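Step one of this worksheet: look at the structure below.
When reading the values below, keep in mind they use all heavy atoms of this one structure, side chains included, and skip hydrogens, waters and symmetry mates. Because the structure is predicted, anything quoted here is derived from the model rather than measured. Below, chain A is the first sequence line, B the second, and so on; all start at residue 1.
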There are 2 protein chains.
Amino acid sequence: MILSRTSQYAIQALIYVATQPAGEPILNRKIAEYLGVPAAYLAKIMQSLCKGNLLYSFRGRQGGFCLREGGEKTDLMQIVSLIEGVGFTEYCVLGLKVCSDETACPMHTKWKPIKERIVSLLHEQTLDRLAVAVKSGKYRICDLPMAMMGAETDPAGV
Amino acid sequence: MILSRTSQYAIQALIYVATQPAGEPILNRKIAEYLGVPAAYLAKIMQSLCKGNLLYSFRGRQGGFCLREGGEKTDLMQIVSLIEGVGFTEYCVLGLKVCSDETACPMHTKWKPIKERIVSLLHEQTLDRLAVAVKSGKYRICDLPMAMMGAETDPAGV
DNA sequence: GTGAAACAAGATAATTAGATCGAAATATGC
DNA sequence: GCATATTTCGATCTAATTATCTTGTTTCAC
């Protein structure tokens, strides 16, 4: 609805890395397996994240990916603008090329505050905060195992 | 960022129809020309809008498209759910298949209120209100002519 | 050296956007 | 009434974008 699948995978992967002990390189394969996303595609995304200076990569044996120092403070806005391009928040809801305070689409004034809330939410969510939430066990960054889906609606509990 | 191009075109076209005198069928060609969008593609979208009971269509000479009676009260949510499918607002920001109050991604609680604001904005914006805004001349549903782009930065005024 | 891993670039698949074309319908002129 | 121009309808086809896979190379620990 808002983010491309690429951005979603990038965020999930970075959160996962942030939940792991710092300093130990993590395999792309492991991340992909955990998240249940295609490893080859994820590898490409991880490369972008390296080029964008969010990750370190180590080749060869004992290789893998690590957060850069201070990387726990990376916020979602940084990740998203890296993937979708800066200014992805500037797009007009109705798709107009030019839609600013001066000359706008009829949704502009109402949409602007919502957009601002989205931006500040993306800014305030940092990898460390998200990692804590995941480590607490209250939240997930990967899908439920199929078996569990709809488990609540199953009175027998299987 | 939020809506597919198809939804954007659908909304633009419906607003345009709503600005025109009711009862007079409007040509797809005219709408496409005004909005500056591909006519063939728009025609397809118009068909969906007819099937979704938002528009009437008339074939042959003097044909064209009209809002259905009461159509001025159509809100953007109706249009969008027709095009993108109902439940497009239910998607998880991080792309999880299941993300509800019971079991969620770490963004869920913060994202939910924003999502609700988006939904209510889409609900409160009806075609007649948007049409009024456009007819007032304060807002646009089509792009500026190329010549005007950046006109403000041109001291000579060309 | 050898094997495990990231790296790079391209090929393929899926989805979305847009174009084409032959109908079917209908107001209008004759 | 009948031909005709005008328009939507419907189905299919192409192009562009996005997501995914493949293959080979480089790097590094052992």
Item to check | Spacing between B:E84 atom CD and C:dT16 atom C1', to the nearest angstrom | outcome: 11 Å
Item to check | Base D:dG10 to side chain B:K51, donor-acceptor N/O within 3.5 Å cut-off | outcome: no
Checklist entry - Would you say A:Q62 reaches D:dC28's phosphate, i.e. side-chain N/O to OP1/OP2 under 4.0 Å? => result no
Checklist entry - Distance check: side-chain N/O of B:R59 vs OP1/OP2 of D:dT6, anything under 4.0 Å? => result no
Checklist entry - Can you tell me if B:R117 uses its side chain to pair, donor with acceptor, with the backbone of A:R117 under 3.5 Å? => result no
Checklist entry - Looking for any heavy atom pair under 4.0 Å, which part of the strands does B:L27 touch: base, sugar-phosphate only, or nothing? => result sugar-phosphate
Checklist entry - Which of the following nucleotides, C:dA6, C:dC7, D:dC9, is nearest to the side chain of A:C50? => result C:dC7
Checklist entry - Is there a side-chain contact between A:L96 and B:Q12 (heavy atoms, below 4.5 Å)? => result yes
Checklist entry - B:I2 versus A:W111: any side-chain heavy-atom pair under 4.5 Å? => result yes
Checklist entry - Salt bridge or not for A:E72 and A:R129, using N-O below 4.0 Å? => result no
Item to check | Phosphate-side-chain proximity, A:Y9 and D:dT20, N/O vs OP1/OP2 below 4.0 Å | outcome: yes
Checklist entry - When you check the phosphate oxygens OP1 and OP2 of C:dG29, does a side-chain N or O of B:R61 lie under 4.0 Å from one of them? => result no
Checklist entry - Which nucleotide, D:dA19, D:dC9, C:dT20, lies nearest any side-chain atom of A:R5? => result D:dA19
Item to check | Atom-to-atom span, CD of B:E24 to C1' of D:dT7 - whole angstrom | outcome: 16 Å
Checklist entry - Are any of B:Y41's side-chain N or O atoms less than 4.0 Å away from OP1 or OP2 of C:dA19? => result no
Checklist outcome for this item: Winner on side-chain proximity to B:K44, out of D:dC13, D:dA29, C:dC7, is D:dC13
Item to check | side-chain N/O A:T6 vs D:dA19 OP1/OP2, d < 4.0 Å | outcome: yes
